[in-house]
K.L.:
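Below: one structure in structure tokens.
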There are 2 protein chains.
Amino acid sequence: MKENSSGKFSAAVNCPIRQVLDRFGDKWSILVVELLSGKGRLRFSEIGQHIGDISQKMLTVTLRSLESDGLISREIFPEIPPRVEYELTALGKSLVPHIESLTGWGVEHLDAILQNRKAYELRQKKTTY
Amino acid sequence: MKENSSGKFSAAVNCPIRQVLDRFGDKWSILVVELLSGKGRLRFSEIGQHIGDISQKMLTVTLRSLESDGLISREIFPEIPPRVEYELTALGKSLVPHIESLTGWGVEHLDAILQNRKAYELRQKKTTY
DNA sequence: CAGAATCCGGCATGATACTG
DNA sequence: CAGTATCATGCCGGATTCTG
């Protein structure tokens, strides 16, 4: 593993950070984990309702992906009508604090970021570089 | 702001977590922040070289976006040939620990995740649900 | 109800050429 | 060197339909 002088991983192509980023770079995964963290155990339709604007397809894809990674478990109840419930695994739960660390930062600095964006926009209009 | 019984933000459409996710859901932003965190101050071409497989266009877009949010600063040296250097702002630096919290988790559990994926794949082949 | 399968458009991203 | 401008494209994700 290549490291730089400060002991951090490099951003090179084969950097393991990439694997993590590729995994959570999608639109919904983190959101689903967060949701399951707060609600505990939910069925398919409930997850969809809570998120609100996710399509059925993307919800399926996201859940399969999370299940494949072992972050959530999927239990099928052989009933009519069918019922499927999802919840975080131990691995999934171990991820939650780190996600909330990031989202916590976001919530805290969101206003500053939005103001920076606005200021940047104005500078672009006034000045022609 | 709507909250659920556990005190966490809901995953609803207007949830502020979305804003953070939308911001860092792209392929390169976090990587650039991490890189600048380790290297301190870099010029355009250096960032591109360290990352390796980013196109010039996407590097420009990513840097502009980060600058717009106030996470990195951009200094232009009026020389020939031109030189432009980037580094993290205080706001950008404040984000680093949270990113490393997440990537640290990823590095730690990457093997388990990859094994889960493999096991899941095998199950899909053997069993026909 | 919980999905699987299919089609399809748009945007993110890439490649290329040009400029100060 | 550090971009900008333009064109090309892949695949992400939405809408729809069908099934057990």
Side-chain angles (χ1 to χ4, degrees), chain A residues 11 13 18 21-32 35-36 39 41-68 72-87 120 123-125 127-129, chain B residues 11 13 18 21-32 35-36 39 41-69 72-87 120-121 123-125 127-129:
Chain A
V13 184
R18 297 286 190 103
L21 260 36
D22 287 350
R23 178 63 197 79
F24 298 113
D26 72 298
K27 211 173 171 183
W28 306 109
S29 291
I30 291 186
L31 218 50
V32 170
L35 181 65
L36 285 177
K39 301 287 184 180
R41 170 179 267 254
L42 292 174
R43 43 196 301 189
F44 185 87
S45 57
E46 290 173 328
I47 300 175
Q49 285 163 20
H50 279 291
I51 294 185
D53 60 340
I54 187 174
S55 68
Q56 193 182 45
K57 174 183 175 179
M58 288 319 296
L59 182 54
T60 299
V61 170
T62 302
L63 290 172
R64 287 293 175 285
S65 171
L66 289 170
E67 187 198 358
S68 159
I72 66 174
S73 66
R74 176 169 181 260
E75 187 174 4
I76 308 172
F77 296 86
E79 306 170 353
I80 306 281
R83 178 162 56 104
V84 181
E85 293 186 351
Y86 299 88
E87 66 179 342
Y120 183 85
R123 288 190 58 208
Q124 295 309 89
K125 277 180 187 162
T127 323
T128 328
Y129 287 91
Chain B
V13 185
R18 297 288 190 100
L21 261 37
D22 287 351
R23 180 61 196 79
F24 298 113
D26 73 297
K27 211 172 170 181
W28 307 110
S29 291
I30 290 186
L31 218 51
V32 169
L35 181 66
L36 286 177
K39 301 286 183 181
R41 169 179 270 254
L42 293 175
R43 43 197 300 190
F44 185 87
S45 57
E46 290 174 327
I47 299 175
Q49 285 163 19
H50 279 290
I51 294 185
D53 60 342
I54 186 173
S55 68
Q56 196 180 40
K57 175 182 175 179
M58 286 319 297
L59 182 53
T60 299
V61 170
T62 302
L63 290 172
R64 287 294 176 285
S65 170
L66 289 170
E67 187 198 359
S68 159
D69 286 2
I72 66 174
S73 65
R74 177 170 180 260
E75 187 174 4
I76 309 170
F77 295 86
E79 308 168 352
I80 306 284
R83 177 162 57 103
V84 180
E85 293 187 350
Y86 297 88
E87 68 178 341
Y120 183 86
E121 215 174 300
R123 288 190 59 206
Q124 295 308 90
K125 275 179 188 163
T127 323
T128 327
Y129 288 92

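By convention in this document, chain letters (A, B, ...) are assigned in the order of the sequence lines, proteins followed by strands, and residues within each chain are numbered from 1. Model, not experiment: these values are computed from the prediction.
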K.L.:
Side-chain contact, heavy-atom cut-off 4.5 Å: A:Arg23 with A:Ser65?
P.N.:
yes
K.L.:
Please enumerate all protein N or O atoms sitting under 3.5 Å from an N or O of nucleotides 14-17 of chain D, with distances to 0.1 Å.
P.N.:
from   : atom 1 : to      : atom 2 : distance (Å)
D:dG14 : OP2    : A:Ser55 : OG     : 3.0
D:dG14 : O6     : A:Lys57 : NZ     : 2.3

K.L.:
Would you kindly compare B:Thr60 and B:Gln49 by the position of their nearest DNA chain D nucleotide and give the one closer to the 5′ end?
P.N.:
B:Gln49
K.L.:
D:dA2 P sits how many Å from B:Glu67 CD, rounded?
P.N.:
15 Å
K.L.:
Could you check how far CD1 of A:Ile72 sits from P of C:dA2, rounded to whole Å?
P.N.:
14 Å
K.L.:
Are any of the side-chain nitrogens in A:Glu46 or A:Lys39 under 4.0 Å away from the carboxylate oxygens of its partner?
P.N.:
no
K.L.:
Are B:Arg43 and B:Glu85 ion-paired here, with the side-chain N under 4.0 Å from a carboxylate O?
P.N.:
no
K.L.:
If you check the B:Val84 side chain, which of C:dG3, D:dC1, D:dA2 turns out closest?
P.N.:
D:dA2
K.L.:
Between B:Glu85 (CD) and D:dC1 (P), how many Å, whole number?
P.N.:
14 Å
K.L.:
Using a heavy-atom cut-off of 4.0 Å across all strands, would you classify A:Phe77 as base, sugar-phosphate, or nothing?
P.N.:
nothing
K.L.:
Do any N or O atoms from the side chain of B:Thr60 and from the backbone of B:Gln56 form a donor-acceptor pair under 3.5 angstrom?
P.N.:
yes
K.L.:
Could you check how far CZ of B:Arg23 sits from P of C:dA12, rounded to whole Å?
P.N.:
13 Å
K.L.:
Below 4.0 angstrom from OP1 or OP2 of D:dG3, is there any side-chain N or O of B:Arg74?
P.N.:
yes
K.L.:
Send over the distance from B:Leu59 CG to C:dT13 P, rounded to a whole Å.
P.N.:
13 Å
K.L.:
OP1 or OP2 of C:dA2 versus the side-chain N and O atoms of A:Arg43: is any pair under 4.0 Å?
P.N.:
yes
K.L.:
Expressed as a whole number of angstroms, how long is the span from A:Phe44:CZ to C:dC1:P?
P.N.:
11 Å
K.L.:
What's the CD1-C1' distance between A:Ile76 and C:dA2, to the nearest Å?
P.N.:
10 Å
K.L.:
Distance check needed: C:dT13 P versus B:Asp26 CG, whole Å only.
P.N.:
6 Å
K.L.:
Assess whether a salt bridge exists between A:Arg41 and A:Glu75, defined as any Lys/Arg side-chain N lying under 4.0 Å from an Asp/Glu carboxylate O.
P.N.:
yes
K.L.:
Would you confirm whether A:Ser68, through its side chain, and A:Arg64, through its main-chain N or O, come within 3.5 Å as a donor-acceptor pair?
P.N.:
no
K.L.:
If the threshold is 4.0 Å, N to carboxylate O, is there a salt bridge linking A:Asp53 and B:Arg18?
P.N.:
yes
